[in-house]
Amino acid sequence: DAYNVAVGFKAGENVSTGVHNTLMGGLAGDSLTTAIQNTAVGYAALSTNIDGDNNTALGFKALEDFEADTDSHGNNTAIGANAMLNASTGTENTAIGMNAMGVGIVTGDFNVALGFNTGYALTSGQRNTLIGTTAGDALTSGDYNVAVGMDALGAEDTHGRNTALGYQTLKVQNAGADGYNVAVGYQAGVAVTTGVNNSLLGYNSGAAITTAIRSTLIGASAGAAIT
């Protein structure tokens, strides 16, 4: 038994041997043939996928361009209008929020983006955790970043291994290399540009740092004179 459900104009129109798919909305899952266990709800949700499995796309054009590079690959969750809209072959990704991972041609795996425009430009980056409105929204190919808070790690694009926790932490950093920066607290490291290997803990900690390296600052407004 197939146990497929298709509701809407051309929804699931090409399903052949695929089973356990739920497709609702105009053009939802309209390219699926052999794929299994997908859920697509919304206009053009999961519209390009042919044989990728276990994807959940909820929202207008969510996961619209995803197509597994290998039969059965998938395991993506995209919730929100345009969430993972241009995703290509990336797998095991979770994007929740309007435009989350929305514009980048996502080929990276194991990323999490929660919030409006979070991880907006992500492409080949992998194993990033981005939570909060516009957190990590410039990130493309950087790996192993953690950004939690509005505008956290908002300028870094191609490099990784940074941890930014708090409103506007490491907001303008674009180090040109893996940064290994840790910033925790409201606007901690807010002015860091190319500085690396810094540990900043506390409200406005290291707020004036731009290019400094290997600084460890703990406490509110710690290191106010260090740049």
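In this chain, numbering begins with 1 at the start of the sequence shown. Every value quoted in this text rests on a predicted model; they were computed, and no experiment measured them.
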Measure the [atom1]-[atom2] distance between [X] and [Y] for me, rounded to the nearest 0.5 Å.
{"X": "Leu217", "Y": "Asn198", "atom1": "CG", "atom2": "CG", "answer": "7.5 Å"}
{"X": "Asn111", "Y": "Met84", "atom1": "CG", "atom2": "CE", "answer": "8.0 Å"}
{"X": "Gln187", "Y": "Gln168", "atom1": "CD", "atom2": "CD", "answer": "5.0 Å"}
{"X": "Asp65", "Y": "Thr89", "atom1": "CG", "atom2": "OG1", "answer": "12.0 Å"}
{"X": "Gln173", "Y": "Thr210", "atom1": "CD", "atom2": "OG1", "answer": "12.0 Å"}
{"X": "Met24", "Y": "Leu58", "atom1": "CE", "atom2": "CG", "answer": "10.5 Å"}

Quiz item: Is it true that atom CD1 of Ile226 has more than 12 heavy atoms of other residues, nucleotides or ligands lying nearer than 6.0 Å?
Solution: yes

Quiz item: Do Asp30 and Ser47 have side-chain N/O donor and acceptor atoms under 3.5 Å apart?
Solution: yes

Quiz item: Does a donor on one side chain sit under 3.5 Å from an acceptor on the other, for Asn75 and Thr91?
Solution: no

With [X], which residues qualify under side chain to side chain donor-acceptor pair (under 3.5 Å), at least two apart?
{"X": "Asn82", "answer": "Asn99"}
{"X": "Asn76", "answer": "Asn55, Asn93"}
{"X": "Asn204", "answer": "none"}

Quiz item: Which residue pairs pass the salt bridge (charged side-chain N to carboxylate O under 4.0 Å, His left out) test with at least one member in residues 164-179, sequence neighbours excluded?
Solution: Arg161-Asp178

Quiz item: Pairs in or reaching into residues 68-96: which pass salt bridge (charged side-chain N to carboxylate O under 4.0 Å, His left out), with residues at least two apart or in two chains?
Solution: none

Practice problem: Might you work through the side-chain contact (heavy atoms from CB on, under 4.5 Å) test for Val106 and Asn86, ending with a clear yes or no? | Solution: CA-CA 7 Å; Val106 179; Asn86 292 321; over 6 Å; no

Quick check: closest heavy atoms across [X] and [Y], and the distance to 0.1 Å?
{"X": "Ala68", "Y": "Gly52", "result": "CB-CA, 3.6 Å"}
{"X": "Ala207", "Y": "Ala191", "result": "O-CB, 3.3 Å"}
{"X": "Thr107", "Y": "Ser88", "result": "CG2-CB, 4.1 Å"}
{"X": "Ser124", "Y": "Ser141", "result": "OG-CB, 3.2 Å"}
{"X": "Thr48", "Y": "Glu64", "result": "OG1-O, 2.7 Å"}
{"X": "Ala95", "Y": "Ala83", "result": "O-CB, 4.1 Å"}

Apply side-chain contact (heavy atoms from CB on, under 4.5 Å) to [X] and list each qualifying residue two or more places apart in sequence or on a separate chain.
{"X": "Thr17", "value": "Thr34"}
{"X": "Asp143", "value": "Gln126"}
{"X": "Ala45", "value": "Ala40, Ala57"}
{"X": "Val172", "value": "Thr193"}

Taking [Y]'s backbone N and O only, do any of them form a donor-acceptor pair with [X]'s side chain (distance below 3.5 Å, no angle check)?
{"X": "Asp51", "Y": "Ser72", "value": "no"}
{"X": "Thr94", "Y": "Val112", "value": "no"}
{"X": "Ser31", "Y": "Ile50", "value": "no"}

Answer with yes or no whether the hydrophobic clustering places [X] together with [Y]; edges join I, L, V, M, F, W, Y residues whose side-chain heavy atoms lie under 4.5 Å apart.
{"X": "Phe9", "Y": "Tyr43", "result": "yes"}
{"X": "Leu130", "Y": "Leu114", "result": "no"}
{"X": "Val41", "Y": "Ile79", "result": "yes"}
{"X": "Ile96", "Y": "Ile131", "result": "yes"}
{"X": "Leu153", "Y": "Tyr120", "result": "no"}

Quiz prompt | Sub-4.5 Å side-chain heavy-atom contact between Asn174 and Asp157 | solution = yes

Exercise. Would you mind reporting whether Thr133 and Asn117 have side-chain heavy atoms less than 4.5 Å apart?
Key: no

Quiz item: Just one of Leu46, Asn4, Leu63 clears the side-chain contact (heavy atoms from CB on, under 4.5 Å) bar with Asn38, so which one?
Solution: Leu46

Quiz item: For Thr169 and Val184, what are the C-alpha separation, side-chain angles and deciding distance, and is it a side-chain contact (heavy atoms from CB on, under 4.5 Å)?
Solution: CA-CA 7 Å; Thr169 49; Val184 179; over 6 Å; no

Exercise. Please test Leu165 against Val146 for side-chain contact (heavy atoms from CB on, under 4.5 Å), starting from the C-alpha separation and ending with a verdict.
Key: CA-CA 8 Å; Leu165 306 179; Val146 176; 4.0 Å; yes

Practice problem: Check the pair Val196 / Tyr180 against side-chain contact (heavy atoms from CB on, under 4.5 Å), numbers first and verdict last. | Solution: CA-CA 6 Å; Val196 296; Tyr180 300 99; 5.8 Å; no

Self-check item: Chi angles and distances behind the side chain to side chain donor-acceptor pair (under 3.5 Å) call for Gln37, Asn54
Solution: CA-CA 5 Å; Gln37 296 166 194; Asn54 302 306; 2.6 Å; yes

Exercise. Using the ring pair (Phe, Tyr, Trp, His ring centres under 6.0 Å) rule, collect all pairs that involve residues 192-226, keeping only residues at least two apart or in two chains.
Key: Tyr186-Tyr203

Quiz item: Which ring pair (Phe, Tyr, Trp, His ring centres under 6.0 Å) pairs, counting each pair once, include a residue from residues 207-227, with sequence neighbours left out?
Solution: none

Exercise. Can you sort out the partners of Tyr144 under ring pair (Phe, Tyr, Trp, His ring centres under 6.0 Å), two or more places apart, ordered by chain and number?
Key: none

Self-check item: side-chain hydrogen bond (donor to acceptor under 3.5 Å, both in side chains) partner of Asn145, chosen from Asn181, Thr163, Asn162
Solution: Asn162

